[in-house]
Amino acid sequence: MNKKLDDLFSDWAYACGEWSDFGEDVPELSEQNWIHSELTPVVGETRTVFVRMPFDETIGNEFWLLYEPALLYFNSWEDCSEQDIANCAVVRCKFQKILISDEYSAWIRVTVQEVVFLHELCNYYQDIRGNISNAFKGITEETEFQNDRWHVTSWTMQNDCGEMKWIYIDENGIRHLVMKLWYAFDEEILYIGNIRDF
């Protein structure tokens with residue numbers, strides 16, 4: 001996995017994890033119909049996560065991982081409640097243990113080190129001034145979701161590659177690009193930070 005940072009963002013996270021409420025007794029890797037977690041991770045707890053390619057870490061490493069409540073993971077933001085959106089977070093995890101794995105996926109145990117809700121990213125990271133409107137440089141975007149606090153847009157090229165960005169609008173009406181997902185074939189990386197609009 002290419003872990004090189006995008007020039008405008010402060011950090012990166014994995015978007016290829018699925019949070020569960022299991023302990024160490026987990027379904028087979030091929031099992032797809034299991035109940036995903038609605039419980040936002042809490043600092044200090046140990047959680048079980050299903051990860052797939054391009055996850056690339058060794059035991060003992062720390063990394064950021066996206067958390068989305070179950071309904072939001074399976075549906076779009078448009079189909080979920082404001083509370084589900086408010087509970088989305090990036091979670092800094094410490095890799096503790098592999099439960100079962102194959103070449104493409106694994107059940108792992110992680111300890112939660114830090115939790116930053118998506119709506120808090122613009123306060124967590126120092127702002128970098130930029131022109132959000134030009135973030136995709138002329139590519140036609142579609143709006144995935146919009147309300148008074150969020151504007152989520154995306155583009156894709158025949159579903160082979162694409163980008164998605166999450167813009168948070170603060171109480172003063174200032175836009176902050178706080179996340180951008182890039183994917184292409186076996187690549188997938190979520191950039192996080194705080195690009196404050198001019």
Side-chain angles (χ1 to χ4, degrees), residues 11-29 31-55 57 62-96 99 105-125 142-154 162-171 176-183 188-194:
D11 218 329
W12 65 271
Y14 288 104
C16 56
E18 303 174 37
W19 293 79
S20 80
D21 295 326
F22 298 122
E24 297 198 4
D25 185 14
V26 295
E28 294 296 322
L29 293 169
E31 176 62 53
Q32 297 181 2
N33 298 318
W34 51 271
I35 297 174
H36 288 58
S37 182
E38 291 284 353
L39 300 174
T40 304
V42 174
V43 173
E45 69 181 2
T46 300
R47 296 287 295 268
T48 301
V49 183
F50 178 78
V51 292
R52 61 187 186 285
M53 291 180 65
F55 184 81
E57 300 293 335
E62 292 190 6
F63 54 89
W64 290 99
L65 181 64
L66 180 65
Y67 166 77
E68 295 174 312
L71 285 178
L72 197 148
Y73 177 82
F74 288 111
N75 300 294
S76 68
W77 279 33
E78 192 71 45
D79 298 324
C80 292
S81 69
E82 290 188 10
Q83 190 58 55
D84 280 331
I85 294 170
N87 287 341
C88 291
V90 287
V91 182
R92 187 165 58 86
C93 303
K94 186 168 185 177
F95 192 173
Q96 298 290 358
L99 298 177
S105 60
W107 281 103
I108 66 171
R109 295 280 279 173
V110 300
T111 302
V112 177
Q113 306 291 302
E114 192 171 5
V115 177
V116 182
F117 293 100
L118 300 192
H119 61 270
E120 296 175 342
L121 286 170
C122 64
N123 298 316
Y124 184 84
Y125 290 107
E142 294 185 7
T143 294
E144 301 286 343
F145 176 80
Q146 190 165 11
N147 65 10
D148 61 343
R149 281 285 180 258
W150 288 100
H151 187 194
V152 183
T153 65
S154 69
E163 288 181 321
M164 192 166 186
K165 67 182 181 183
W166 288 258
I167 298 168
Y168 179 72
I169 300 105
D170 67 22
E171 60 276 4
H176 302 260
L177 176 55
V178 295
M179 292 199 313
K180 181 180 78 169
L181 176 69
W182 158 257
Y183 60 90
E188 185 180 84
I189 189 165
L190 184 67
Y191 299 104
I192 51 179
N194 177 19

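Heavy-atom basis, side chains included; hydrogens, waters and symmetry copies ignored. Keep in mind the model is a prediction, meaning the values are calculated, not measured.
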How long is the gap from [atom1] on [X] to [atom2] on [Y], to the nearest 0.5 Å?
| X | Y | atom1 | atom2 | answer |
| --- | --- | --- | --- | --- |
| Q83 | E38 | CD | CD | 10.5 Å |
| I85 | L118 | CD1 | CG | 10.0 Å |
| L71 | N87 | CG | CG | 11.5 Å |
| I169 | D148 | CD1 | CG | 7.5 Å |
| C93 | I108 | SG | CD1 | 7.5 Å |
| L72 | S81 | CG | OG | 8.5 Å |

For [X], which residues count as a ring pair (Phe, Tyr, Trp, His ring centres under 6.0 Å) partner, sequence neighbours excluded?
| X | answer |
| --- | --- |
| H119 | F117 |
| Y168 | W150 |
| Y124 | none |
| W64 | none |

Legend entry - Residues forming a salt bridge (Lys or Arg N to Asp or Glu O under 4.0 Å) with E114, sequence neighbours excluded: R92

Inset, instruction - Could you tell me which residues satisfy salt bridge (Lys or Arg N to Asp or Glu O under 4.0 Å) with E45, sequence neighbours excluded, listed by chain and number? - result: R47

Legend entry - Donor-acceptor pair between R109 and T46 side chains, under 3.5 angstrom: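 Not at all, the side chains of R109 and T46 share no donor-acceptor pair under 3.5 Å.
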
Legend entry - H36 and S20: side chain donor to acceptor below 3.5 Å: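 Short answer, no.
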
For the residue pair [X] and [Y], what are the closest heavy atoms and their distance?
| X | Y | value |
| --- | --- | --- |
| S37 | L39 | OG-N, 2.9 Å |
| A89 | V115 | CB-CG1, 3.8 Å |
| L29 | A106 | CD2-CA, 3.8 Å |

Indicate yes or no: at least one non-hydrogen side-chain atom of [X] is less than 4.5 angstrom from one of [Y].
| X | Y | value |
| --- | --- | --- |
| I192 | W12 | no |
| M179 | L121 | yes |
| T40 | V42 | no |
| T153 | E142 | no |
| V90 | L65 | no |
| H176 | D170 | yes |
| Y14 | L190 | no |
| T143 | V152 | no |

Inset, instruction - Quickly, which of F50, W107, F63 forms a ring-ring contact (aromatic ring centres under 6.0 Å, His included) with F55? Name it, please. - result: F63

Taking only residues two or more places apart in sequence or in another chain, which ones pass side-chain hydrogen bond (donor to acceptor under 3.5 Å, both in side chains) with [X]?
| X | result |
| --- | --- |
| N123 | none |
| E120 | none |
| Y73 | E18 |
| Y183 | T156 |

Short question: side chain of [X], backbone of [Y] - any donor-acceptor pair under 3.5 Å?
| X | Y | result |
| --- | --- | --- |
| W19 | L66 | yes |
| R52 | S105 | no |
| N194 | Y125 | yes |

Inset, instruction - Report the C-alpha distance between K94 and E57 in whole Å, list the side-chain angles of each, state the deciding distance to 0.1 Å, and finish with yes or no for side-chain contact (heavy atoms from CB on, under 4.5 Å). - result: CA-CA 10 Å; K94 186 168 185 177; E57 300 293 335; over 6 Å; no

Inset, instruction - Under the side-chain contact (heavy atoms from CB on, under 4.5 Å) rule, what do E24 and L99 come out as? Steps first, then yes or no, please. - result: CA-CA 7 Å; E24 297 198 4; L99 298 177; 4.0 Å; yes

Inset, instruction - Please assess L181 against W166 for the test side-chain contact (heavy atoms from CB on, under 4.5 Å), listing each intermediate value before the final yes or no. - result: CA-CA 9 Å; L181 176 69; W166 288 258; 3.8 Å; yes

Inset, instruction - Determine whether more than 12 heavy atoms belonging to other residues, nucleotides or ligands lie under 6.0 Å from atom CD of E28. - result: no

Legend entry - Whether F22 and W34 hold their rings parallel, tilted or perpendicular, with breakpoints at 30° and 60°: tilted

Legend entry - Where at least one partner belongs to residues 67-89, residue pairs that pass salt bridge (Lys or Arg N to Asp or Glu O under 4.0 Å), sequence neighbours excluded: none

